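For reference, the structure discussed in these notes is given below.
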Amino acid sequence: MPAVLIENVHKSFGAVEVLKGVSLSVESGQVVAIIGRSGSGKSTLLRCVNGLEACQSGRIEVAGHVLDQDQKKLRELRKDVGIVFQSYNLFPHLTAGENIMLAPRLAKGLGGPELRRMAEEVLAKVGLSEKFDAYPDNLSGGQQQRVAIARSLAMQPKVMLFDEVTSALDPELTGEVLVVMEDLAKAGMTMLLVTHEMNFARNVADVTVFMHQGRIWESGPSADLFAAPKTPELQAFLSAGVH
Amino acid sequence: MKFTLNFDPIWPEIDAILEGILLTIGLSAGAIILGSMLAVLLVALKSLAGRWVGLLVDAYVELMRNTPFLIQLFMIFFGLPLLGIRMSGTQAGLLAMTMNLGAYAAEIIRAGVESTHRSQLEAGVSLALTRLQVFRYVVLKPALAKVWPALTSQFVLMMLASSICSFISVAELSGVAAIIESRTFRSFEIYIIVTLTYLVMALALKSFLLALGKRLFPNLSGVARINARGSAV
């Protein structure tokens, strides 16, 4: 039973069809990277997986939940599926610690010293133990993104989605976020990520998927795909070096 | 004809004036607290409930914002007893102020809520929060912080408008002033005192609310000045 199963998903924004029948499966513990040009549909696909975008047809199953737009079922799915965004999206009025504790408290009913200990634990995991009481405004972009990852981890998700999480960061800060993600991958987290970091996809992802014009154009084990791209589109994409 | 100011007949009435001030403060504080709660409820309904509830909220807000406060006060004070609901002038005044302020404050808070970036809502729902939880824990506080200065001036306006309650014989500051005027005939003198008193109360209320805002939203205070380095002073 794959952790993520996407079957023949179609999605249009008005008259523009951005996903033209996408199928993809991610095994438990696997890391799958989605690469492709802007507008190829990769972010939309990722956002369909946790129901932020509704797809018109097809079937998605994540962590044992069949995707359904019913509010309650969607919440159950989201308890098991974390997502990290390009622009961090931390809550500005809450400290790092409060950002992390909010959802476990409200959605899972956790509380007391146990909740605080757990928050400190996930913050330590991303290397920011000393920032528990800092507000997002006082953190660098890289630190904010690591807090955002910790906030997702605090829900103890079975699957993590990453939507171009380093695109807003300079190379140095990108590195510190990628290290955290690599640690997660090594610890066996199931990860589906949209990325422009080709080295990261090549070295960390088990499988890389190249999307082009709303379709999965080519996919395979990352080492093979980067070493010997088969389609001319992927060859052009990789050799352009501008992603 | 020469006019000389004569405050002497007014001094014996000082206790009545103080009581009027207290009632003005009480009415205003009550209306600000209850009106704010009503406003947040209206905005929550508009944000979370269905389309028809939203239209009802709009209708209420427009009704209160497009009719005179004096007429609203009369409708409550003279109209409700016909429906079997009896209340004192002070109670009617507090109710009218609450309903009026609730509508104006709702419109201000709604602007703050609408300025919330969509990414904040996405982060909230993605963490398995309900829509109500997103409103309460993610949206509301930054929204209130953004519109706090506008809310503050609305609260001060309401405090000043409490003087209209004197039309239904509520003995708040203006009501008391009218009584003293009829007893002493020192119109100008009494209204000099009343004007200065309102001025002091309004400035004090404004300062209090702005200080409260800084306490409630310590890390969300806006940029007050722009300097050459592009940062807040």
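Each chain gets a letter, A, B and so on, in the order its sequence line appears, and its residues count up from 1. Since the structure is predicted, the reported quantities are computational estimates derived from the model, not experimental observations.
Geometrically, A/Arg151 does not engage A/Tyr88 in a cation-pi contact, judged by NZ or CZ lying under 6.0 Å from the ring centre and within 45° of the ring axis. A cation-pi contact, defined as under 6.0 Å to the ring centre and within 45° of the axis, links A/Arg105 to B/Tyr137.
To the nearest 0.5 Å, atoms CG (B/Leu56) and OH (B/Tyr60) are separated by 12.5 Å. Rounding to the nearest 0.5 Å gives a distance of 9.5 Å between CG of A/Asp163 and CD of B/Glu122.
Interface summary for chain A: among B/Lys141, B/Arg131, B/Gln120, the most heavy-atom pairs under 4.5 angstrom belong to B/Gln120. Top candidate by heavy-atom pairs under 4.5 Å with chain B, chosen from A/Gly51, A/Ser87, A/Ala103, is A/Ala103. Contact count versus chain B (heavy atoms, under 4.5 Å) is highest, among A/Leu102, A/Leu161, A/Val81, A/Asp137, for A/Leu102. In terms of non-hydrogen atom pairs under 4.5 Å with chain B, the most contact-rich of A/Asn138, A/Asp80, A/Leu52 is A/Leu52.
For B/Arg118, the part sitting under 4.5 Å from any heavy atom of chain A is the side chain, from C-beta outward, and nothing else. Both the backbone and the side chain of A/Leu106 come within contact range of chain B, with heavy atoms under 4.5 Å apart. With a threshold of 4.5 angstrom between heavy atoms, A/Val84 does not approach chain B through any atom at all. Contact of A/Phe85 with chain B is made through the side chain alone, with heavy-atom distances under 4.5 Å. Looking at A/Leu90, the atoms closer than 4.5 Å to chain B (heavy atoms on both sides) all sit in the backbone: N, CA, C or O.
Under the side chain to side chain contact (heavy atoms under 4.5 Å, CB included) rule, B/Ser36 has a single partner from B/Ile32, B/Leu34, B/Leu38, which is B/Ile32. No option in B/Leu95, B/Val170, B/Ile164 other than B/Ile164 meets the side chain to side chain contact (heavy atoms under 4.5 Å, CB included) test with B/Leu73.
For the pair A/Lys11 and A/Glu17, the salt-bridge criterion is not met [side-chain N within less than 4.0 Å of a carboxylate O].
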